[in-house]
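For reference, the structure is listed below as structure tokens.
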Amino acid sequence: AKESGRGQVLFYEPVMDEKIERRRQLGAAMNGALERNEFHLLFQPIFCLTSGDIASCEALLRWDSPQFGAVAPGEFIPIAEENGLIVPIGGWVLHQACQVASGWASTATIAVNLSPVQLRTPELAVTVVSALQASGLPAKRLTLEVTETVLLDDVERSLAALTTLNQIDVCTTLDDFGTGYSSLSYLTQFPFQTLKIDRSFVMDLEHNPASIAIVQTIVELAAKLGMRTVAEGVETPAQLDQLRRTRCDAVQGYLLAKPMPANEVLALFTAACPA
Ligand code: C2E
Ligand code: CA
Ligand code: CA
Ligand code: CA
């Protein structure tokens with residue numbers, strides 16, 4: 001226990017120890033997890049608001065540890081970034097995601113989340129090209145999602161990596177737009193084809209007029225800069241309605257479809273376009 005400034009006693013130490021211990025154990029369990037096939041991907045459709053078609057699917061990583069059960073990506077990805085395992089794991093995600101998307105009877109793109117650690121790795125382009133070649137997926141059908149907080153850490157390296165990806169025809173999405181240390185200069189500084197509007201704004205759409213104004217402004221700005229917009233975390237018909245009115249290009253969220261296994265997405269596409 002420790003005295004805080006106001007004389008309260010905070011019993012934080014045992015809790016801290018538990019957190020550190022769980023982190024250590026998860027890190028240890030992650031060693032060899034890739035080789036033991038403990039990871040798999042789910043795919044969440046992203047719908048075009050004008051056509052209603054599936055424009056894209058986002059690949060979302062899952063880890064089923066024999067020891068810990070299902071561990072949320074929000075918990076294990078930061079650990080993998082710290083111990084460097086995100087590089088081989090992220091490479092596996094790219095290969096797997098491209099392989100799955102190459103089997104779709106659709107031109108829908110596959111959206112893959114990129115860790116900042118991967119973005120700063122010199123072999124990123126080689127990994128991406130190898131995933132495309134192994135699967136036969138055209139580069140145009142791959143989009144890589146990057147969160148904006150990352151870019152500021154190393155502007156030159158981020159810019160070089162994104163430019164290289166664009167040169168080989170891979171698309172890039174600025175994820176979670178509007179959160180973090182966002183600066184509008186990002187939009188002119190970095191080459192993105194798509195802006196993904198963060199769930200925090202979408203959540204607020206029904207009750208907070210300020211969020212409507214923000215989403216509207218983001219959509220208009222993106223359009224002027226030649227970028228597409230996707231709204232994430234759409235959970236209610238009222239939110240969907242509002243996004244339609246603001247002329248957002250595409251939507252993603254539990255209201256429309258939850259993340260699903262590869263075979264279910266495959267069936268969605270097959271059902272949509274009977275051969
Ligand atoms: P994200 O990139 O913002 O992904 C969207 C998250 O929102 C996913 O959580 C998704 O399941 C969830 N989601 C989708 N629709 C809704 C909705 O309507 N309501 C709510 N409340 N949530 C919704 P998930 O799968 O737990 O992933 C969490 C984060 O983990 C992702 O956030 C992403 O940052 C990271 N992540 C997931 N897969 C990968 C990966 O392969 N590589 C890397 N580097 N990061 C990943
Ligand atoms: Ca994402
Ligand atoms: Ca996101
Ligand atoms: Ca988000």
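No hydrogens, no waters, no symmetry mates; every other heavy atom, side chains included, goes into these values. When a ligand or atom number is given, it counts from 1 through the structure's own listing order.
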Does ligand 1 have an atom under 4.0 Å from some heavy atom of [X]?
| X | answer |
| --- | --- |
| K258 | no |
| P259 | yes |
| R62 | yes |
| G90 | no |
| Q252 | no |

Examine all N, O or S atoms of [X], backbone included, and report whether one is under 3.0 Å from the Ca ion (ligand 2).
| X | value |
| --- | --- |
| T173 | no |
| D176 | no |
| E145 | yes |

If you measure every N/O of [X] against every N/O of ligand 1, is any gap under 3.5 Å?
| X | result |
| --- | --- |
| Q118 | no |
| E81 | no |
| I86 | no |

- prompt: Hey, what's the angle at the Ca ion (ligand 3) spanning OD1 (D175) and OE1 (E232), nearest 10 degrees?
  reply: 110°
Run the numbers for me: atoms of ligand 1, each under 4.0 Å from some heavy atom of [X], listed by number.
| X | value |
| --- | --- |
| V93 | 41 (O) |
| S115 | 44 (N) |
| D175 | 2 (O) |
| D176 | 3 (O) |
| Q44 | 14 (C), 15 (N) |

query: When rounded to the nearest 0.5 angstrom, what distance separates CZ in F192 from CG in D175?
result: 9.5 Å
query: If Ile, Leu, Val, Met, Phe, Trp and Tyr residues are connected whenever their side-chain heavy atoms lie under 4.5 Å apart, and connections chain through other members, are V126 and L124 in the same group?
result: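 Not linked; separate clusters.
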message: To 10 degrees, how wide is the angle OD1 (N113) to the Ca ion (ligand 2) to OE2 (E58)?
response: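 Rounding to the nearest 10 degrees gives 90°.
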message: So for atom CZ, which belongs to R247, do other residues, nucleotides or ligands contribute more than 12 heavy atoms lying within a distance under 6.0 Å?
response: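 Atom CZ in R247 is not crowded, with 12 or fewer foreign heavy atoms closer than 6.0 Å.
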- request: Could you tell me whether E156 atom CD has more than 12 heavy atoms of other residues or ligands within 6.0 Å of it?
  value: no
message: Using 30° and 60° as the class boundaries, would you call the ring planes of F76 and F39 parallel, tilted or perpendicular?
response: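 Plane angle between 30° and 60°, so tilted.
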message: Tell me the closest heavy-atom pair linking P191 and T172, and the distance in Å.
response: O-OG1, 2.7 Å
- request: Could you tell me which non-hydrogen atom of V230 sits nearest to which non-hydrogen atom of C248, and how far apart they are?
  value: C-SG, 4.2 Å
task: Evaluate the criterion side-chain contact (heavy atoms from CB on, under 4.5 Å) for residue pair V93 and Q118; output intermediate values, then yes/no.
output: CA-CA 12 Å; V93 170; Q118 288 173 277; over 6 Å; no
message: Under the criterion side-chain contact (heavy atoms from CB on, under 4.5 Å), I'd like the reasoning laid out for V265 against V100: C-alpha separation, chi angles, the key distance, then a yes or no.
response: CA-CA 9 Å; V265 189; V100 167; over 6 Å; no
task: With the side chain counted from C-beta on, respond yes when V219 and I197 share a heavy-atom pair under 4.5 Å apart, and no when they do not.
output: yes
message: Could you check whether any side-chain heavy atom of D53 comes within less than 4.5 Å of a side-chain heavy atom of F47, counting everything from C-beta outward?
response: no
message: Just to be sure I read this right, does ligand 1 sit under 4.0 Å from the backbone of E58, its side chain, both, or neither, counting only heavy atoms?
response: side chain
task: Indicate, as side chain, backbone, both or neither, the part of L60 found under 4.0 angstrom from ligand 1 when only non-hydrogen atoms are considered.
output: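 For L60, the contact with ligand 1 is made by both the backbone and the side chain.
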task: Name the option, out of W63, W92, F76, Y254, that contains the heavy atom nearest to atom 18 (O) of ligand 1.
output: Y254
- request: Mind running side chain to side chain donor-acceptor pair (under 3.5 Å) on Q193 and T143 for me, showing each step along the way?
  value: CA-CA 9 Å; Q193 287 77 50; T143 178; 5.9 Å; no
message: For the backbone of D249 and the side chain of T229, can you confirm whether one donor and one acceptor N or O come within less than 3.5 Å of each other?
response: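 Between the backbone of D249 and the side chain of T229 there is a qualifying donor-acceptor contact (under 3.5 Å).
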